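What you see is a predicted model, and the numbers here were worked out from it, not measured in a lab.
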Amino acid sequence: MTIRWGILATGNIAHKLADAVVASETSELVAVGSRMQDAADAFAKEYGLAPDASHGSYDALLDDDKVDVIYISTPHPMHAEWTIKALEAGKAVLCEKPMGVNHPEVMAMVETAAFHQRFLMEAFMYRTHPQTAKAVDLIRDGAIGEVRQMNMSFGFFSPFHPQSRLHANELAGGGIMDVGCYPVSLARLVAGEEPDAVSGFAQLSETGVDAWSSALLHFPSGAIARISTAVSLSLDNAAEVFGSEGSIRIASPWMGSRADGSWSFELNRRGKRETIDGRTKPLYVHEIDAVAEAMDAGDLESPHMTWEDSLGNARVLDLWRREAGVLFDLEKPERCTTPVHGRPLAVRRRTIPQAEVPGVRKPVSRLVMGCDNQPDIRHASVMWDNYFEYGGNTFDTAHIYGGGRMEQLLGTWMRNRGIRDDVVVIGKGAHTPANFPDQVGPQLDVSLERLGTDHLDIYFLHRDNPDVPVAEWMDVLNAERSAGRIKAFGGSNWSLSRVQQANAYAVSKGLTPFAAVSNNFSLARMVDPVWPGCIAASDAEWRAWLEAEQMALFPWSSQARGFFTERFDAIGAASREAANDGFGNQPSDAELQRCWFADDNFERRARAVELASERGVEPINVALAYVLGQPFPCFALIGPRILAETRSSLAALDVSIGEDERRWLNLEADSR
């Protein structure tokens with residue numbers, strides 16, 4: 001079928017795409033949208049579009065039912081907002097590179113495409129050109145042996161104008177974002193893996209963007225890429241790949257063909273030099289046809305530039321900018337006041353159920369967002385916005401997480417969104433070695449200041465100190481409750497006997513007892529404590545008591561920290577990447593084996609896999625559904641590092657586990 005295109009924004013690159021759509025045999029240009037009607041009219045007239053195809057707003061273009069796919073050609077900071085809105089409007093999207101200003105934005109864009117099941121591709125046109133495909137095929141076939149070093153550059157001179165797209169901080173200007181993304185993407189493509197180390201350097205202009213910059217990328221295979229870019233300096237704009245048995249040099253890797261359609265590059269194979277060449281259609285036509293081909297096949301991604309590829313590229317660009325000292329003003333904490341889709345934060349998909357906890361004056365989400373692994377406010381905001389929009393309102397953090405950084409991030413996000421009264425904040429304190437009653441108040445002072453609030457909805461003692469009488473703990477907790485600084489409280493990593501003693505003391509003195517417990521609880525038995533002082537509440541005695549008392553449990557590591565994922569089957573595959581992905585609190589392979597590997601857990605996992613296969617879900621969904629399906633109030637703590645992991649956790653809400661299945665999964669019965 002013919003793919004019908006709409007162009008969103010009317011700058012120079014929009015004309016190049018429009019020319020390609022017109023030249024393509026697979027596509028048709030049917031509409032254009034601009035923020036100014038005059039600009040849209042002029043563009044429409046240039047390409048012979050009907051009068052009703054000219055839209056004086058981007059929203060009007062998205063409402064045009066004649067359009068199948070939208071090309072986003074706005075400045076960088078607007079890519080995420082309008083890509084997300086286009087996907088939500090039911091359109092496929094080709095978004096100009098870089099897809100987002102940073103990895104969190106790209107993550108939000110990809111997640112929207114996955115949720116709405118719409119095609120999305122980042123517009124790296126050179127990826128669709130036959131020259132690129134031929135060079136990569138030769139490398140994959142061993143024509144130059146093992147790849148060991150790459151030299152790639154893309155840079156040009158442009159006069160400095162502080163307000164121009166290329167130099168303005170407010171428009172995410174500079175070489176790294178504008179054209180440095182090209183050699184990064186090619187180096188990753190050639191290496192066939194993600195870099196495990198990135199170092200970067202830059203000369204900044206007076207606007208704080210990079211005038212010229214270089215980076216070194218080291219890959220797990222041992223290959224090294226030297227990358228250069230500039231918007232104030234002309235570079236050779238070539239790509240060289242050196243292998244153990246030869247080399248490839250592409251003089252024009254980014255633009256592909258010459259004016260007559262011919263292309264060529266040099267191959268040195270075991271000392272023999274040859275020219276690889278061909279002739280083809282214009283560069284951007286290949287890109288248009290690649291989109292059409294994928295859409296005709298019903299695919300959501302293009303093999304030329306997959307979602308994971310775009311996410312990987314954005315992650316490297318973030319690291320390069322961080323190393324080089326390039327920070328855009330729009331990324332500063334005080335500027336992150338609106339979700340990336342540009343609308344006020346609100347519940348949009350009521351999915352996560354809620355329940356009551358004694359003493360907490362708001363309903364509490366059954367899935368609780370763990371706030372202990374967010375690298376910065378940009379990433380945290382995207383993660384927490386997404387969770388909130390699914391109806392999640394409960395956030396778990398602690399005085400010690402990130403040395404206080406996690407509480408600060410959560411406080412900044414709540415302030416930026418103005419939603420403190422709409423969320424339940426769980427805090428923890430008095431962790432070893434400061435697990436003494438006289439530490440509760442001073443630590444709470446600090447936590448409340450970091451969070452920017454006057455109270456915690458739920459407070460957990462992070463560790464017990466069995467040498468301290470329960471009376472001392474309960475007295476100080478009740479005093480803080482009376483002062484209004486905590487609304488409900490409990491113990492994390494407390495033994496059953498100590499919890500029983502504490503509540504018995506409270507009842508005898510007319511005090512408020514524990515409202516909840518936060519111990520480990522999962523389908524997999526914790527063989528060895530994840531951290532010193534950790535205690536599980538998974539055994540039969542604990543479960544019977546929780547059911548009898550209807551005590552709320554907030555289990556951490558509720559999904560056994562990856563035991564029910566594919567990491568179990570390929571435990572070594574993710575270790576290097578996970579160690580360098582920028583996120584904290586990521587379980588290592590050694591930890592996974594130490595804490596969860598045991599014969600009884602292997603059988604539990606096998607049964608979860610069996611049930612998951614029958615239900616058409618993932619084993620991790622069954623494992624979480626087991627936790628949520630207990631006969632006592634259970635509020636599972638989840639720790640997603642990326643939006644796809646949040647989506648995976650949400651899938652568990654659609655899995656119902658009956659009592660017989662629950663007992664069978666936990667090896668308490670031989671059959672269901």
Side-chain angles (χ1 to χ4, degrees), residues 3 16-17 20-21 23-27 94-97 99 119-147 150-154 179 181-194 219 221 223 225 227 237-243 245-269 273-297 299-310 312-313:
I3 302 299
K16 291 184 179 181
L17 254 292
V21 172
S24 170
E25 297 179 358
T26 65
S27 299
L94 174 68
C95 180
E96 186 51 45
K97 56 73 204 165
M99 188 179 281
F119 176 86
L120 172 63
M121 178 180 169
E122 186 173 12
F124 275 113
M125 72 294 188
Y126 85 93
R127 284 287 194 94
T128 66
H129 195 277
Q131 174 178 257
T132 305
K134 183 62 177 179
V136 172
D137 285 346
L138 285 167
I139 292 169
R140 296 281 187 271
D141 290 342
I144 62 172
E146 296 179 1
V147 174
M150 295 170 266
N151 298 330
M152 300 175 180
S153 67
F154 197 175
V179 287
C181 52
Y182 281 90
V184 167
S185 71
L186 183 56
R188 294 173 48 259
L189 177 64
V190 169
E193 56 187 353
E194 297 297 328
F219 294 90
S221 63
I227 304 295
N237 299 338
E240 297 176 302
V241 182
F242 299 92
E245 299 180 13
S247 63
I248 282 176
R249 187 179 192 279
I250 308 174
S252 180
W254 320 124
M255 297 299 112
S257 305
R258 304 175 184 88
D260 63 357
S262 65
W263 57 267
S264 63
F265 61 86
E266 299 174 5
L267 168 65
N268 179 354
R269 182 170 11 203
R273 295 186 179 276
E274 53 187 296
T275 298
I276 308 298
D277 57 15
R279 188 180 298 273
T280 189
K281 54 193 172 185
L283 173 62
Y284 288 94
V285 175
H286 282 289
E287 184 173 52
I288 296 301
D289 290 347
V291 173
E293 181 180 1
M295 292 181 63
D296 280 345
D299 296 333
L300 302 182
E301 306 177 57
S302 169
H304 299 286
M305 195 71 200
T306 67
W307 295 348
E308 281 301 316
D309 207 344
S310 292
N313 220 57

Just wondering, do Q131 and S257 contact through their side chains at under 4.5 Å, heavy atoms? no
State, yes or no, whether a side-chain contact exists between M99 and W307 at a heavy-atom distance under 4.5 Å. no
Hydrogens and angles aside, do R258 and S264 bring a side-chain donor and acceptor to less than 3.5 Å of each other? yes
One should read off an interatomic distance between L94 CG and M125 CE, to the nearest 0.5 angstrom, of 11.5 Å
Going by atom types alone, do T280 and H129 pair a side-chain donor with an acceptor below 3.5 Å? no
In this structure, CD of E96 is separated from NZ of K16 (nearest 0.5 Å) by 9.5 Å
Between S24 and Y284, is any side-chain donor less than 3.5 angstrom from a side-chain acceptor? no
Walk me through it: do L300 and L120 pass the test side chain to side chain contact (heavy atoms under 4.5 Å, CB included)? CA-CA 6 Å; L300 302 182; L120 172 63; over 6 Å; no
Would you please test E245 and R269 for salt bridge (charged side-chain N to carboxylate O under 4.0 Å, His left out) and show each step? CA-CA 7 Å; E245 299 180 13; R269 182 170 11 203; over 6 Å; no
At what distance, to the nearest 0.5 angstrom, does OG of S185 lie from CD of E122? 8.0 Å
Just wondering, more than 12 heavy atoms not from E274 lying within 6.0 Å of its CD? yes
Quick check: are there more than 12 heavy atoms from other residues, nucleotides or ligands sitting under 6.0 Å from CD of E193? yes
Could you give the distance from NE2 (H304) to CE (M121), rounded to the nearest 0.5 Å? 6.5 Å
If you look at every heavy atom in V291 and F119, which pair is closest and at what distance? CG1-CE2, 3.7 Å
Less than 3.5 Å apart, any donor N or O on the side chain of D260 or S262 sitting next to an acceptor on the other? yes
Flag the pair I139 / V241 as yes when at least one side-chain heavy-atom distance between them is below 4.5 Å, and no otherwise. yes
Which residues share a salt bridge (Lys or Arg N to Asp or Glu O under 4.0 Å) with R188, sequence neighbours left out: E194, D309
Pairwise distance CD1(I276) to CG(L267) - rounded to 0.5 angstrom: 5.0 Å
Y126 (side chain) donor-acceptor with L186 (main chain) under 3.5 angstrom: yes
Answer yes or no: is there an ion pair linking E266 with R249, defined by an N-O contact shorter than 4.0 Å? no
Does the R279 side chain pair with the main chain of G261, one donor and one acceptor, at a distance under 3.5 Å? no
Apply side-chain contact (heavy atoms from CB on, under 4.5 Å) to P183 and list each qualifying residue two or more places apart in sequence or on a separate chain. M152, F154, I227, W254
Using the side chain to side chain contact (heavy atoms under 4.5 Å, CB included) rule, take N151 and F242 through it: C-alpha gap first, then chi angles, then the decisive distance, then the call. CA-CA 8 Å; N151 298 330; F242 299 92; 3.6 Å; yes
Does any part of the side chain of E293, heavy atoms only, come nearer than 4.5 Å to the side chain of S302, both counted from C-beta? no
Side-chain touch N313/K97, heavy atoms, less than 4.5 angstrom: no
Determine whether I144 and I248 make a side-chain contact, defined as any pair of heavy atoms from C-beta on separated by less than 4.5 Å. yes
Show, in sequence, the C-alpha distance, side-chain angles and deciding distance for S247 and E240, and conclude whether the side chain to side chain contact (heavy atoms under 4.5 Å, CB included) test is met. CA-CA 7 Å; S247 63; E240 297 176 302; over 6 Å; no
Residue pairs fulfilling salt bridge (Lys or Arg N to Asp or Glu O under 4.0 Å) with at least one residue in residues 128-144, sequence neighbours excluded: none
Measure the shortest side-chain to side-chain distance between S310 and F124 over non-hydrogen atoms and say whether it is less than 4.5 angstrom. no
Decide yes or no for F265 and L138: does some side-chain heavy atom of the first lie under 4.5 Å from some side-chain heavy atom of the second? yes
Just by distance, do the side chain of T128 and the backbone of E287 share a donor-acceptor pair under 3.5 Å? yes
So, the side chain of E301 versus the backbone of T306: is there a donor-acceptor pair under 3.5 Å, distance only? no
At their closest point, which heavy atom of A187 faces which heavy atom of F219, and how far apart are they? O-CZ, 3.8 Å
Taking it one step at a time, do I3 and V21 satisfy side chain to side chain contact (heavy atoms under 4.5 Å, CB included)? CA-CA 9 Å; I3 302 299; V21 172; over 6 Å; no
